[in-house]
Chemist: 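Below is a structure I'd like to ask you about.
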Amino acid sequence: MDRKTIILEILKRLRDKKEVKQQDLGLDLETFGEVSEMILNEGLANGIKVQRGGQGSRVLYAWYSSAKITLLGLEYIEVNDTEESSTDESNEEPKLQIYAVPWPKGKTDAEVEENPPSVPQAEKFLKDPNIEIIDWHNAKVLHFTQYWYAVTIQYKDKAVQKA
């Protein structure tokens, strides 16, 4: 894989809020670090950490835990991604679906995290074969005077095959 393709793949993962790992990209640590520095130096993303050291200033690690794509990075994807097209339905903006149930009375955050309440509508939605789940999170939400256990789901509708 050439460096431009690697950069494009990393930027798409950042855009889609997916983990960026050296192993997933099939790269050696030195190449991963060099490409990560290119992305950072060109302003395509920020928050990337690359640590060098030892003889020859070799890459010790490259870390993306707080990395975020920049506007320049998004523009790089638009210009260089030949797989995307304006007529492709997969370019549809992700949608959000939120389900909530009252916070269990007398339960601490830790107790609820260990044994979360059932949210049947969310469970059903997550199993729907007609949608593609991008990500989901749960949280304690204060709405007016009551706490709720909320499940937020980011998704896209799956493309329907035309006969």
Side-chain angles (χ1 to χ4, degrees), residues 6-27 29 32-33 35-36 39-40 43-51 61-81 83-163:
I6 296 167
I7 290 170
L8 184 61
E9 179 61 28
I10 289 172
L11 291 175
K12 287 165 67 174
R13 287 176 185 229
L14 288 174
R15 175 197 65 193
D16 298 340
K17 308 231 184 297
K18 294 181 179 173
E19 280 188 318
V20 177
K21 291 184 178 178
Q22 165 208 343
Q23 304 90 320
D24 294 345
L25 295 167
L27 303 174
L29 184 57
F32 186 61
V35 170
S36 298
I39 291 170
L40 193 57
L44 302 175
N46 54 38
I48 300 169
K49 306 284 188 252
V50 178
Q51 180 68 44
Y61 70 84
W63 202 25
Y64 279 76
S65 66
S66 59
K68 298 211 184 307
I69 192 167
T70 63
L71 182 57
L72 208 55
L74 291 172
E75 290 172 357
Y76 183 94
I77 293 171
E78 277 184 38
V79 170
N80 294 288
D81 191 3
E83 292 178 12
E84 289 191 14
S85 74
S86 59
T87 60
D88 186 358
E89 290 180 26
S90 68
N91 287 338
E92 158 193 350
E93 285 293 314
K95 300 175 185 176
L96 284 179
Q97 185 71 34
I98 301 171
Y99 296 100
V101 294
W103 190 263
K105 295 209 183 291
K107 300 285 184 180
T108 65
D109 293 2
E111 290 171 323
V112 171
E113 185 176 322
E114 189 175 303
N115 187 20
S118 175
V119 185
Q121 301 97 329
E123 292 166 11
K124 182 179 176 186
F125 191 83
L126 287 168
K127 293 176 185 172
D128 186 337
N130 298 316
I131 59 170
E132 174 189 346
I133 303 298
I134 297 168
D135 201 6
W136 66 274
H137 295 279
N138 54 40
K140 183 178 187 179
V141 177
L142 177 62
H143 184 66
F144 294 108
T145 60
Q146 183 175 354
Y147 281 104
W148 295 81
Y149 178 83
V151 178
T152 305
I153 304 166
Q154 185 180 26
Y155 72 98
K156 288 183 178 182
D157 293 318
K158 284 191 178 174
V160 178
Q161 295 291 331
K162 295 179 182 173

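One-based numbering along the sequence shown.
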Chemist: Quick test of your reading: applying salt bridge (charged side-chain N to carboxylate O under 4.0 Å, His left out), list the pairs with at least one residue in residues 122-136, sequence neighbours left out, ordered by first then second residue.
Modeler: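 For residues 122-136, and leaving out neighbouring residues, there are no salt bridge (charged side-chain N to carboxylate O under 4.0 Å, His left out) pairs at all.
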Chemist: Please set out all donor-acceptor pairs under 3.5 angstrom arising from side-chain atoms of residues 106-116, sequence neighbours excluded.
Modeler:
unit_1 : atom_1 : unit_2 : atom_2 : d
Thr108 : OG1    : Glu111 : N      : 3.1
Thr108 : OG1    : Glu111 : OE1    : 3.4
Asp109 : OD1    : Lys140 : NZ     : 3.0
Glu111 : OE1    : Thr108 : N      : 2.8

Chemist: For Trp148 and Gln146, which heavy atoms make the closest approach, and how far apart are they?
Modeler: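 Closest pair (atom of Trp148, atom of Gln146, distance): CD1-O, 3.2 Å.
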Chemist: Please find the pair of heavy atoms, one from Ala45 and one from Leu14, that lie closest to each other, and give the distance.
Modeler: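 So the two residues come closest at CB-CD1, 3.7 Å.
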Chemist: Heavy atoms, side chains only, cut-off 4.5 Å: are Asn46 and Lys68 in contact?
Modeler: yes
Chemist: Who passes ring pair (Phe, Tyr, Trp, His ring centres under 6.0 Å) against Tyr64, sequence neighbours left out?
Modeler: Phe32
Chemist: So which atom in Ser66 and which in Gly47 form the shortest heavy-atom distance, rounded to 0.1 Å?
Modeler: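 In this case the closest contact between Ser66 and Gly47 is OG-O, 3.3 Å.
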Chemist: Rounded to the nearest 0.5 Å, what's the gap from OH on Tyr155 to CG on Leu96? Could you check?
Modeler: 8.5 Å
Chemist: Can you list everything that forms a side chain to side chain donor-acceptor pair (under 3.5 Å) with Tyr149? Sequence neighbours excluded, please.
Modeler: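 With sequence neighbours excluded, Tyr149 shows a side chain to side chain donor-acceptor pair (under 3.5 Å) to Asn138, given in chain and number order.
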Chemist: Holding to salt bridge (charged side-chain N to carboxylate O under 4.0 Å, His left out), I want the full list of residues that pass it with Lys18, two or more places apart in sequence or in another chain.
Modeler: none
Chemist: Roughly how far, to the nearest 0.5 Å, is the CD atom of Gln121 from the CG atom of Leu126?
Modeler: 11.5 Å
Chemist: Say whether, by atom type as modelled, one donor and one acceptor occur between the side chain of Asp81 and the main chain of Ile77 under 3.5 angstrom.
Modeler: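 Checked: no pair found.
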Chemist: How far does NE2 of His137 sit from CD1 of Ile153, to the nearest 0.5 angstrom?
Modeler: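 His137 atom NE2 to Ile153 atom CD1 measures 11.0 Å (nearest 0.5 Å).
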Chemist: How many angstroms lie between CD1 in Ile131 and NZ in Lys156, if you round to the nearest 0.5 Å?
Modeler: 13.0 Å
Chemist: Using side-chain heavy atoms (C-beta onward) and a distance below 4.5 Å, is Ile69 in contact with Leu44?
Modeler: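 Of all side-chain heavy-atom pairs linking Leu44 with Ile69, none is under 4.5 Å.
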Chemist: If I compare all heavy atoms of Val101 with all of Ser118, which pair ends up nearest, and what's the gap?
Modeler: CG1-O, 3.9 Å
Chemist: Mind checking the NZ-OH spacing from Lys49 to Tyr61? Nearest 0.5 Å is all I need.
Modeler: 8.5 Å
Chemist: Quick check for you: to the nearest 0.5 Å, what is the distance between Thr70 atom OG1 and Leu40 atom CG?
Modeler: 10.0 Å
Chemist: So, for Gly43 and Leu72, which heavy atoms are closest and what is the spacing to 0.1 Å?
Modeler: O-CB, 3.6 Å
Chemist: Does the side chain of Leu11 reach to within under 4.5 Å of the side chain of Arg15, using non-hydrogen atoms?
Modeler: no
Chemist: Evaluate whether atom CD of Glu19 has more than 12 neighbouring non-hydrogen atoms of other residues, nucleotides or ligands under 6.0 angstrom away.
Modeler: no
Chemist: Taking only residues two or more places apart in sequence, or in another chain, which ones meet Glu9 in a salt bridge (charged side-chain N to carboxylate O under 4.0 Å, His left out)?
Modeler: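 Testing Glu9 for salt bridge (charged side-chain N to carboxylate O under 4.0 Å, His left out), a comparison that skips the adjacent residues, returns Arg13.
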Chemist: If you count the non-hydrogen atoms of other residues, nucleotides and ligands that lie under 6.0 Å from CZ in Phe125, is the total more than 12?
Modeler: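 Atom CZ in Phe125 is packed in, count exceeds 12.
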